[in-house]
S.K.: 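Take a look at this one; I'll ask things after.
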Amino acid sequence: MVLADGVCLLRQTRRALYRHWLLAEDEAPEVRGLLARAARITTEISLGRGTPGQLAALDEIALELGARGLAAAWTLGSSLQHFRAQWEAHARRESCPEGICIDLLQRHAAPCHNTCPANIDIPSFIAHLGHGDYRATIEVIRRDNPLPLTCGLVCPAPCESACVRGSGNGAVFIRPLKSKAAEHCLAEGGYPRPEIAADTGKRIGIIGAGPTGLTAAYYLRLKGHAVEMFEAKEHAGGQLRYGIPAYRLPPDLLEQEIEQIRVLGIPIHTGVKIDSLERFRLDYDAVFIGLGTQVARLLPIEGVHEPFVLGGLDFLHAVRGGEAVHVGPRVVVIGGGNVAIDVALTALRQGAQHVDLVSLEKRREMPASPHEIELAVAEGVQLHPGWGPLRIDAEGTAVFQFCERVKDDSGRFDPQFDAGRLLTLEADQVLLATGQGTDIALLEGSAVESQRGFAVADPNTKMTRVPGVFAGGDGQHGPRTAVEAIRAGKLAAAGIDAYLRSAPIDPAVGRPVRRAEVVPLAVAAPDRTRLRRASMPERSVEETVGKGNYVRIEAGLTDAMAHDEARRCLRCDVCIGCGLCMAACSEMGVEALRMSDTPAGRLAYLDFLRPAEHCIGCGACTQVCPTGAIRLEDQDGLRRLIITGTVVKEHPLLPCSEGGLTAWTAAHRDFVRARLPTHMTDLLERGLTPASARERGDRPGSATPRNAAFPQQVEEQR
């Protein structure tokens, strides 16, 4: 057998055994129990809870599966035989090729948390919001992102694409929850003030007050450093202010959030352009260059310098800068990303009567988010996907050729055209939203290296080849999203702080870190199962489209909608999707628990209703859960099975014949009674508590749930 280097066989085997178990739905209970036991032991080994003796148990299970003629025998047996060293390394708790096992419980992060470029602890902040604590919500978010309101309005939300609920009734609507909490805090006087360390005596100068520079300044100030910012534009914000239209990010809201950084003692000097890096750095212990990509890159095609052709980014900057920009009446926008959508919708608001948007990619391949594309169509933008620009004629026509493909089979950009198929569009104005660059004149005369028009810096520390000079954000890694710019600022702050302290950079920076321990919300099982993703309230086209009309399109989630979204969260930071609970339940022969496989590559509870029909209250699932995500609670005469805050089953506890309550439910007692010989059921019939049984001299513990947790334990009792 051949397997690529660096692939964990245990992970592959776990998933395969789970599929075999699913396919065995109609098999005899002993078959399902055998498959469940194999899955449970494999999972325990992969979690670093295994022993070498368990490998021998798996060998026996593989033989028994083979004797029954089950396909799972080959899956398990061949894995154990051909990759024994890997199994043994896991069993000794030494290593995993992919680095995902052994210490999974310590390193685990929820898929949303792991996907967020800023590494926001999403499950914790959502739980705080669900409990109604908006200030705690913002405190958690700002541990990793100082701009929660901004990101709540403009972030493309890769976290939502990773949400395991996406395979059910819609991913949790994470993005607007940030802005909801931020708006509440700002309305109440501002964000919670973070603790600032003692003054270090070090001074840092930051060039550029965009999202990267603002983020770096925020975290450096928290470390006790004196920070001073310089921005060439009239206002701070960078692309957030000048590149994102007001209908998405109103300038007054952006200003409120920037003020929450200023109040920490961070002066921002606007309208100040730094011409010489060498002179500037003489006044500071360290310097950070946070240049954005505020220069439009024009296409190398005929007619690109005609007077009616303008860079899309230049167009947006002019509009956001308050210039009287007139367009149309017919405008052609070239580009397929979110910037192109912003340019098209802004053109409508600047007076265009008809807007054509032409993209190289087919519609399903366009890099713009699907929602933004739908919004453009709703506002009347005419899409022409799959066409590449050929030339722009002086008479006012733009000519395109059909694009047969954008990338080759390896994914490399390599467009191929059919020059015989042409598209001609009349245009009073052509706006090119096809690329962005950086003005790096500042670097001239310095030793800071640049490549392809961007500053070169270490990807982890953000230090350039010049000690004490750092660079990050779009001006270093190229045009990306605001949240990626924020990540760069956080990395830069850590790198600068380490440099100033002559210490190594904190290895946790840039990785997901648990920021809080928040009790899961108490959500009813039907709601947890059936609640669907909220639909963002938006103002109608009639309310938002029109010359000079930049009213915010999104009305924002209501408090009730935000609360429901928090209730939909599965708390993947608590339940790691290992499936041990489900395997134990099946091994018992109860089959009350069902987890679903998800595109996130992990199991998750999407159905919280099934246990109500099948659970017997034995507690086998809670004994194997490594995180406490599933637990039993005995209170007020009831035994409750709770999965991450949701009560999925309530059982009355049986009364003891000598007073008090037993540790049994009727369903559990009957389940065990059916599997024991008559002479061992006496205590069950008398209904004694374990304490009463011991006082009477009966066999201790024979009526407790733990002693009947697994079939093999019952066999041992015999």
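Hydrogens, waters and symmetry mates are skipped; everything else that's a heavy atom, side chains included, is used. The structure presented is a predicted model; accordingly, all values stated were derived computationally and were not measured.
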S.K.: Start with the C-alpha gap between Leu641 and Thr622, add the side-chain angles, then the distance that decides, and say whether side chain to side chain contact (heavy atoms under 4.5 Å, CB included) holds.
M.R.: CA-CA 9 Å; Leu641 179 65; Thr622 67; 4.1 Å; yes
S.K.: Could you tell me which non-hydrogen atom of His131 sits nearest to which non-hydrogen atom of Val518, and how far apart they are?
M.R.: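 In terms of heavy atoms, the two residues are closest at CD2-CG1, 3.8 Å.
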S.K.: So, Ser79 versus Thr13: side-chain donor-acceptor pair below 3.5 Å or not?
M.R.: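 The criterion, which ignores hydrogens and geometry beyond distance, is satisfied for Thr13 and Ser79.
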S.K.: Verify the neighbour count for atom NZ of Lys362: are there more than 12 heavy atoms of other residues, nucleotides or ligands below 6.0 Å?
M.R.: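 Counting neighbours around NZ of Lys362, more than 12 heavy atoms of other residues, nucleotides or ligands fall under 6.0 Å, so yes.
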S.K.: Can you check side chain to side chain contact (heavy atoms under 4.5 Å, CB included) on Asp564 and Met561, steps first, answer last?
M.R.: CA-CA 5 Å; Asp564 277 348; Met561 294 167 73; 5.7 Å; no
S.K.: Does atom CZ of Arg511 have more than 12 heavy-atom neighbours, drawn from other residues, nucleotides or ligands, at distances under 6.0 Å?
M.R.: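 Count not over threshold, so no.
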S.K.: Looking at Phe671, does the NZ or CZ of Arg675 lie under 6.0 angstrom from its six-membered ring centre and within 45 degrees of the ring axis?
M.R.: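 Yes; both conditions hold, so Arg675 lies above the ring face of Phe671.
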S.K.: Arg487 and Asn119: side-chain donor and acceptor closer than 3.5 Å?
M.R.: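 A donor-acceptor contact under 3.5 Å links the two side chains.
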S.K.: Just one of Arg515, Arg571, His128 clears the side chain to side chain contact (heavy atoms under 4.5 Å, CB included) bar with Pro123, so which one?
M.R.: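 Exactly one candidate clears the test, Arg571.
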S.K.: Would the number of heavy atoms belonging to other residues, nucleotides or ligands and lying under 6.0 Å from CZ of Arg514 be above 12?
M.R.: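 Yes, because the 6.0 Å sphere around CZ of Arg514 holds more than 12 heavy atoms from other groups.
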S.K.: For a quick test of reading the model, state the closest non-hydrogen atom pair linking Gly337 to Ala368 and the distance between them.
M.R.: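 In this case the closest contact between Gly337 and Ala368 is C-CB, 3.5 Å.
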S.K.: For Arg528 and Thr644, does a side-chain donor sit closer than 3.5 Å to a side-chain acceptor?
M.R.: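 Their side chains do contain a donor-acceptor pair, which is all the 3.5 Å distance test asks for.
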S.K.: Apply side chain to side chain contact (heavy atoms under 4.5 Å, CB included) to residues His614 and Cys585 and explain how you reach the verdict.
M.R.: CA-CA 10 Å; His614 303 281; Cys585 187; over 6 Å; no
S.K.: Please evaluate residues Leu593 and Ile630 with respect to the criterion side chain to side chain contact (heavy atoms under 4.5 Å, CB included), reporting the C-alpha separation (whole Å), side-chain torsions for both, the decisive distance (0.1 Å), and the verdict.
M.R.: CA-CA 11 Å; Leu593 301 177; Ile630 186 168; 3.9 Å; yes
